[in-house]
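In what follows, chains carry the letters A, B, and so on, assigned in the order in which the sequence lines appear, proteins first and then strands, with residues in each chain numbered from 1.
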There are 2 protein chains.
Amino acid sequence: MATMQDVARLARVSVSTVSYALTGARPISQATRDKVLAAMAELDYQPNAMARGLASRRSRILGLLLPMDERGLGATETAFVTGAAAAASAAGYHLVLSPIGVGDLDQLRRLASQRMLDGALLMEVQLHDPRVDVLRELGVPLVLIGRTADTTGLSYVDIDFDQTVRAAVGHLVDLGHHRIVYVNHSADTLAEGYGPALRTRDAFTAAMAGHGLEPLMIPAEDSAAGGRTALATALRRVPDLTAILAMNESAVFGLLGELAARGRSVPDDVSVVSMVTSPQVAELATPALTAMNSPGSALGRIAIETLLRHVDVGDAQINQQLLPCALEVRGSSGPPRTEGTTTEAARRRAATRRRA
Amino acid sequence: MATMQDVARLARVSVSTVSYALTGARPISQATRDKVLAAMAELDYQPNAMARGLASRRSRILGLLLPMDERGLGATETAFVTGAAAAASAAGYHLVLSPIGVGDLDQLRRLASQRMLDGALLMEVQLHDPRVDVLRELGVPLVLIGRTADTTGLSYVDIDFDQTVRAAVGHLVDLGHHRIVYVNHSADTLAEGYGPALRTRDAFTAAMAGHGLEPLMIPAEDSAAGGRTALATALRRVPDLTAILAMNESAVFGLLGELAARGRSVPDDVSVVSMVTSPQVAELATPALTAMNSPGSALGRIAIETLLRHVDVGDAQINQQLLPCALEVRGSSGPPRTEGTTTEAARRRAATRRRA
DNA sequence: CTGAAAGCGCTAACAG
DNA sequence: CTGTTAGCGCTTTCAG
């Protein structure tokens with residue numbers, strides 16, 4: 001493994017010159033630079049990350065703090081990670097994913113106080129996220145993916161839930177739907193103050209009001225069973241509902257299953273629109289889900305760019321940015337049946353159609 | 001940020017004593033150790049990772065090389081990652097996930113030759129995986145998750161596909177099924193030599209032969225559409241099939257959707273068993289999928305333990321280990337209808353049942 | 001524009 | 001059992 005000494009010797013310059021050629025921290029004559037670069041190439045030189053980090057007090061490592069629950073990473077999160085990794089790599093930084101949630105504060109504290117991280121991206125941010133306090137206390141720059149309750153002095157990028165919900169409701173209303181039910185995350189999740197659940201709830205209420213419609217939200221556990229229960233509740237409360245907006249990738253599958261079991265066809269009897277969903281997941285359902293596609297990789301890129309600005313200049317400008325999801329119409333949404341269709345009639349028709 | 005000097009001064013010992021107290025690389029009297037520990041606690045001391053890494057030529061970082069395709073991380077992979085992270089953390093190492101696939105060789109080369117990684121775990125290993133060559137050349141210890149074609153001199157942990165397939169087929173045969181079709185990954189994936197697809201194919205052939213049954217394998221694209229197409233093909237080739245074994249989490253959803261669309265009920269008309277599937281995903285389907293649960297977190301733990309052995313002693317013993325998946329019966333498998341039931345009759349009965 | 005040299009904070013001989 | 005000290009490989013003043 002060649003060192004900078006070796007390069008300097010071969011190029012017949014001093015080590016500092018090699019260093020400056022590498023970092024560009026001070027001007028170098030073209031002739032010298034060429035000599036140095038040639039020597040580096042010949043020796044297949046790669047700077048030692050630890051030595052560099054020790055001397056410069058910069059690890060060139062950015063952490064992506066990524067709580068991993070048993071559910072895994074959806075395609076949405078993956079797109080985010082991929083976008084972030086590409087942006088970091090382009091800037092000469094390494095992005096390391098650390099499965100650190102709000103429960104692993106000690107681990108985070110260790111990682112940060114060992115000066116391993118030049119900066120951190122927090123995913124799955126909670127309204128009161130203790131990781132923020134830990135990182136601030138240790139002086140590690142950070143950018144949130146999502147938002148805490150109080151975002152003063154914090155940079156973040158997040159989905160524009162308000163606009164996304166408005167677009168989804170607009171799509172359904174344009175199709176002619178009036179009785180639209182919103183299936184959200186669980187009551188516990190709402191009680192915990194999970195931002196996306198709260199923000200979409202409020203956005204749904206506002207969007208429906210804007211169209212002069214009655215908003216009904218039903219919480220659902222993040223599972224197929226939760227979706228089935230939610231559908232039962234929805235049908236009890238609004239027997240003649242014609243559309244469901246869902247913000248719960250797991251529940252939406254149970255919901256579709258239960259709809260089929262009850263003989264309600266999608267989208268003829270009930271339209272379903274899924275929020276913040278990746279194309280890959282939307283295509284898994286039968287029929288494929290009309291969905292609001294999350295801007296995963298753009299979100300990742302912007303987050304890294306913002307973070308690097310903070311890392312490079314300590315007091316960089318705070319950047320708070322929202323990106324909307326784009327509507328992608330697939331098979332699960334369509335115009336409602338004409339008024340007057342009863343539940344019983346619809347069921348009978350569905351059964352008939354199936355036998356045909 | 002306190003340094004080791006500060007600790008030494010406060011404890012009235014030399015820096016080397018502090019260092020040895022920290023690493024345990026040489027015996028320390030209890031009294032001295034207590035003094036040092038007290039000083040550390042008082043100063044809230046954390047060793048500087050870069051300095052440590054430079055001096056010891058050990059980064060204490062293990063890389064988990066994890067190609068991220070657009071599909072994301074399933075619950076299976078997540079369990080693996082979580083198990084590995086826990087094991088690494090317990091050993092005082094940091095596990096960093098790097099979204100590096102076989103296409104990002106340059107990035108891997110940089111990471112490794114900058115001496116950032118003490119060792120690496122490779123996921124999604126291909127039969128001829130160039131990452132192995134890069135790491136070996138650079139002297140970075142590695143453990144495979146999966147297997148290359150030639151595994152001499154390589155440690156790996158992998159799923160015991162042979163035993164897993166045998167157990168799945170056994171389950172169906174015990175229920176009374178004879179006409180069992182195997183839905184695998186795509187033809188392209190097979191042609192590329194993707195290990196799990198090839199190994200399960202062969203295991204399926206062997207298992208069926210063991211029961212005196214005819215094996216039929218059908219490749220399917222990794223998507224819902226692929227599953228629908230595969231079902232159509234399967235029914236064309238074996239109109240009276242009673243069971244499907246699937247090794248394709250995406251296709252299995254399309255397959256179930258198509259089965260429902262054709263009025264074949266699961267499991268009454270057709271039993272479905274999904275291989276190497278996590279409980280979370282299995283529960284998403286309606287009915288919930290009988291599945292072979294992958295040993296994700298155990299796999300991760302064992303992989304890390306093996307890797308650390310290689311890191312600690314350069315010429316550690318090669319460890320090649322296979323873990324089986326465990327059968328978990330849910331709603332998608334059951335006894336077949338009695339012989340003689342025609343497709344038409346089954347469809348009619350299904351429709352009737354649904355209206356009841 | 002270039003060189004010399006003083007560290008960065010820690011580990012690991014080498015001495016006792 | 002403990003202390004002294006020479007690096008690890010690089011960055012960054014300070015001089016020229």
Side-chain angles (χ1 to χ4, degrees), chain A residues 1-37 39-40 43-61 92 110 112-118 138-139 311-312, chain B residues 1-37 39-40 43-61 92 110 112-116 118 139 311-312:
Chain A
M1 209 100 291
T3 79
M4 203 173 248
Q5 283 283 1
D6 301 330
V7 176
R9 201 149 32 220
L10 183 61
R12 304 180 166 289
V13 297
S14 70
V15 280
S16 63
T17 299
V18 177
S19 173
Y20 288 122
L22 200 64
T23 62
R26 124 179 151 180
I28 301 275
S29 78
Q30 193 56 49
T32 325
R33 152 167 294 121
D34 289 345
K35 274 194 302 185
V36 172
L37 260 31
M40 283 185 180
L43 295 175
D44 203 14
Y45 171 75
Q46 283 290 117
N48 177 303
M50 297 292 138
R52 218 176 181 189
L54 178 58
S56 67
R57 275 156 281 266
R58 282 275 177 91
S59 65
R60 301 196 148 246
I61 298 177
R110 259 199 311 166
S113 47
Q114 292 183 170
R115 310 273 75 173
M116 268 226 155
L117 262 34
D118 285 351
L138 295 171
V311 169
D312 287 341
Chain B
M1 208 100 293
T3 80
M4 204 173 248
Q5 283 283 2
D6 301 329
V7 176
R9 200 147 34 217
L10 184 60
R12 304 182 164 289
V13 296
S14 71
V15 279
S16 63
T17 299
V18 176
S19 172
Y20 289 122
L22 202 63
T23 62
R26 130 178 147 178
I28 301 275
S29 78
Q30 192 56 50
T32 322
R33 153 166 293 124
D34 289 346
K35 274 194 303 186
V36 172
L37 260 33
M40 284 183 178
L43 295 175
D44 205 14
Y45 170 76
Q46 283 291 117
N48 178 304
M50 297 292 138
R52 223 178 175 185
L54 178 58
S56 66
R57 275 155 280 263
R58 284 275 177 90
S59 66
R60 302 197 146 247
I61 297 178
R110 258 199 312 167
S113 48
Q114 292 183 169
R115 310 274 74 175
M116 269 228 159
D118 285 351
V311 169
D312 287 340

Find the distance between OG (A:Ser19) and CZ (A:Arg26) and round it off to the nearest 0.5 Å. 9.0 Å
Reported CD-to-CG distance for the pair A:Gln30 and A:Leu37, which is rounded to 0.5 angstrom: 8.5 Å
Say whether, by atom type as modelled, one donor and one acceptor occur between the side chain of A:Arg12 and the main chain of A:Leu10 under 3.5 angstrom. no
Side-chain donor or acceptor of A:Ser56 paired with backbone N/O of A:Arg52 under 3.5 Å: yes
Checking the side chain of A:Asp6 only, and the main-chain atoms of A:Thr3 only, is there a donor and an acceptor separated by less than 3.5 Å? yes
Treat primed atoms plus P, OP1 and OP2 as sugar-phosphate and everything else as base, then score nucleotides 6-13 of chain C 5' to 3': B for base contact with protein heavy atoms under 4.0 Å, S for sugar-phosphate contact only, - for none. -BBBBBBB
Do A:Met40 and A:Val18 have side chains that get closer than 4.5 Å, going by heavy atoms? yes
Locate the shortest heavy-atom distance separating A:Ala11 from A:Val36; write the atom from each residue and the value. CB-CA, 4.1 Å
Within the structure, does a side-chain N or O atom of A:Thr17 lie under 4.0 Å from either OP1 or OP2 of C:dT2? no
Between the two end axes of the helix from C:dC1-D:dG16 to C:dG16-D:dC1, each built from 5 base pairs, what angle do you get to the nearest 10°? 30°
Side chain B:Asp118, main chain B:Ser59, donor-acceptor under 3.5 Å: yes
